Peer 1: 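Mind looking over this structure? Questions follow.
From a predicted model like this one, the values you see are computed outputs, not experimental measurements. In what follows, every chain begins at residue 1, and chains take the letters A, B, ... in the order their sequences are listed.
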2 protein chains.
Amino acid sequence: MGATKTDHFTEQQNQIATIAKALGHPARIAIIEYLLKVDACICSDIVDELPLAQPTVSQHLKELKNAGLIKGNIEGNAICYCIDEKTFNILKEYFGKIILTVTNQKCC
Amino acid sequence: MGATKTDHFTEQQNQIATIAKALGHPARIAIIEYLLKVDACICSDIVDELPLAQPTVSQHLKELKNAGLIKGNIEGNAICYCIDEKTFNILKEYFGKIILTVTNQKCC
DNA sequence: AATAATAATCGTAATATTGCGATATTAAAA
DNA sequence: TTTTAATATCGCAATATTACGATTATTATT
């Protein structure tokens with residue numbers, strides 16, 4: 001095996017898992033933090049910032065983009081990547097709801 | 001390759017990535033949601049709830065526990081797993097901060 | 001003590017991810 | 001138009017994850 005049984009779970013469960021998975025790598029967290037810091041970005045900057053080769057960074061950017069966490073605009077012969085607020089809001093609301101529910105619980 | 005270069009990133013980046021990674025699977029999201037719903041839990045219940053075999057569920061529970069997202073208390077011959085609020089709060093605060101920063105940005 | 005029930009661990013096959021060198025692709029600059 | 005710069009894609013090796021059958025603790029019940 002090795003393949004996730006995606007079709008057995010709800011659409012929302014898969015959605016949250018996909019977003020979380022995309023954030024499940026320190027390089028991708030570092031990319032997000034760098035984009036926040038510079039408030040505008042070109043990929044080569046990120047390559048300089050990270051301890052990873054250009055193809056690797058490109059791959060991480062692609063995964064963040066697929067998960068909807070960043071968006072890329074072509075800008076001359078470079079590409080401007082930025083945070084996609086929408087998707088982070090989905091996470092924030094989801095975890096907010098979890099914490100609300102937990103604080104009302106009386107289990108352990 | 002295949003091994004993540006953990007040592008090149010900050011401790012916080014690794015921490016957030018580890019937590020996010022643990023949530024990066026729909027089965028583990030489903031487990032969290034089930035624990036929220038029943039407000040007390042035994043592993044066999046989860047096995048009945050999920051489309052996965054007992055060893056697989058046990059493995060997912062272990063990963064959630066390692067990431068600090070749930071904690072398990074022995075309760076008779078069964079085990080009571082529950083949400084660990086602390087770790088969810090780390091996430092909530094982290095994403096809250098990101099969203100605050102993003103809304104002040106003017107990039108794309 | 002023997003049995004049953006619950007959950008963890010082991011071993012292993014299938015698949016996915018990570019990382020990067022080599023090679024495209026694309027668009028500005030000379 | 002050739003060259004240069006910035007990114008993306010391909011292909012592959014190393015490693016990690018997912019899933020589960022078989023087995024092993026561990027504890028309750030009989």
Peer 1: Can you tell me how far C1' of D:dA5 sits from CD1 of A:I79, to the nearest Å?
Peer 2: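 It is 13 Å, rounded to the nearest whole Å.
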Peer 1: For the pair made of CZ in A:F9 and P in D:dA19, what is the distance, rounded to whole Å?
Peer 2: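 These atoms are roughly 7 Å apart.
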Peer 1: Which nucleotide sits closest to the side chain of B:P55: D:dG21, C:dA7, D:dT18?
Peer 2: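 Of the candidates, D:dG21 comes closest.
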Peer 1: Name the closest nucleotide to the A:Q59 side chain, picking from C:dA8, C:dT17, C:dG19.
Peer 2: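 When the side chain of A:Q59 is considered, C:dG19 is the closest of C:dA8, C:dT17, C:dG19.
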Peer 1: Return a table of donor-acceptor pairs under 3.5 angstrom between the side chains of residues 83-96 of chain B and protein atoms on other chains or two or more places apart.
Peer 2:
unit_1: B:D84; atom_1: OD1; unit_2: B:K86; atom_2: N; d: 3.4
unit_1: B:D84; atom_1: OD1; unit_2: B:K86; atom_2: NZ; d: 3.4
unit_1: B:T87; atom_1: OG1; unit_2: B:G68; atom_2: O; d: 2.6
unit_1: B:Y94; atom_1: OH; unit_2: A:E33; atom_2: OE2; d: 2.5

Peer 1: Looking only at side-chain atoms of A:K62, point me to the closest of D:dT9, C:dC20, D:dA19.
Peer 2: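 My answer, after comparing the listed nucleotides, is D:dT9.
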Peer 1: Side-chain contact test, heavy atoms from C-beta onward, threshold under 4.5 Å: evaluate it for B:Y81 versus B:I31 and give yes or no.
Peer 2: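 No, every pair of side-chain atoms sits at 4.5 Å or beyond.
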Peer 1: 5'-most contact on DNA chain D: A:T4 or A:L61, nearest heavy atom basis?
Peer 2: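 Here A:L61 is the residue nearer the 5' end.
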Peer 1: B:S58 has a side chain; which of C:dG21, C:dT9, D:dT17 sits nearest to it?
Peer 2: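 Taking heavy atoms from C-beta onward, the closest nucleotide is C:dT9.
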Peer 1: Can you measure B:L23 atom CG to D:dT17 atom P for me and round it to whole angstrom units?
Peer 2: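 It works out to 15 Å between those atoms.
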Peer 1: Closest-nucleotide mapping onto DNA chain C: is A:L52 or B:C41 further toward the 5' terminus? I mean the 5' end.
Peer 2: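 In this pair, the answer is B:C41.
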Peer 1: For D:dC20 and B:T56 - does any side-chain N or O of the residue sit under 4.0 Å from the phosphate oxygens OP1/OP2?
Peer 2: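 Checking D:dC20 against B:T56, a side-chain N or O does come within under 4.0 Å of OP1 or OP2.
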Peer 1: What's the CG-C1' distance between B:N66 and D:dT18, to the nearest Å?
Peer 2: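 My rounded result for the distance is 16 Å.
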Peer 1: With sequence neighbours left out, write down each residue that passes side chain to side chain contact (heavy atoms under 4.5 Å, CB included) with B:N66, or none if nothing qualifies.
Peer 2: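 With neighbours one apart ignored, the set is B:K62.
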Peer 1: Please determine if a side-chain N or O atom of B:S44 lies less than 4.0 Å away from the OP1 or OP2 oxygen of C:dA7.
Peer 2: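 Affirmative; the distance criterion is met.
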Peer 1: Taking the side chain of A:H25 as its heavy atoms from C-beta onward, which of C:dG19, C:dC20, D:dT18 lies nearest to it?
Peer 2: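 Ranking C:dG19, C:dC20, D:dT18 by closest atom to the A:H25 side chain puts C:dG19 first.
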Peer 1: Is there side-chain contact between B:C41 and B:L35, with at least one heavy-atom pair below 4.5 Å?
Peer 2: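 Touching, per the 4.5 Å side-chain cut-off.
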Peer 1: Within this structure, what is the NE2-to-P distance between A:H8 and D:dT18, rounded to whole angstrom?
Peer 2: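 Rounded to the whole Å, the gap is 16 Å.
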Peer 1: Just how far, in rounded Å, is P of C:dG19 from CZ of A:R28?
Peer 2: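 Result: 8 Å.
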Peer 1: Looking at B:R28 and B:K21, what are the two nearest heavy atoms and their distance?
Peer 2: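 Minimum heavy-atom separation between B:R28 and B:K21: NH2-O, 3.5 Å.
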Peer 1: With a 4.5 Å heavy-atom cut-off, do B:P26 and A:T4 have their side chains touching?
Peer 2: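 A side-chain contact exists here, since the closest heavy-atom pair is under 4.5 Å.
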Peer 1: Please report, rounded to the nearest Å, how far the C1' atom of D:dA6 is from the CG atom of A:L50.
Peer 2: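 Roughly 16 Å, once rounded to whole Å.
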Peer 1: Would you please confirm or rule out a distance under 4.0 Å between OP1 or OP2 of C:dT17 and any side-chain N or O of A:K21?
Peer 2: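 Yes, A:K21 has a side-chain N/O under 4.0 Å of OP1/OP2 on C:dT17.
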Peer 1: Just to confirm, is there a sub-4.0 Å distance from OP1 or OP2 of C:dT6 to any side-chain nitrogen or oxygen of B:Y81?
Peer 2: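 For C:dT6, OP1/OP2 do not have a side-chain N/O of B:Y81 under 4.0 Å.
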Peer 1: Does D:dT17 have its OP1 or OP2 closer than 4.0 Å to a side-chain nitrogen or oxygen of B:H60?
Peer 2: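 No, because none of the side-chain N or O atoms of B:H60 sits under 4.0 Å from OP1 or OP2 of D:dT17.
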Peer 1: Determine whether a donor-acceptor pair (one donor, one acceptor, N or O, separation below 3.5 Å) exists between the side chain of B:Q54 and the base of C:dA8.
Peer 2: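 Pair found.
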Peer 1: In this structure, how many angstroms lie between the C1' atom of C:dT18 and the CG atom of B:N14, rounded?
Peer 2: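 The distance from CG of B:N14 to C1' of C:dT18 comes to 15 Å, rounded to the nearest Å.
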Peer 1: By nearest atom, which of the nucleotides D:dC20, C:dG21, C:dT6 is closest to the B:A53 side chain?
Peer 2: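 Looking only at side-chain atoms, B:A53 lies closest to D:dC20.
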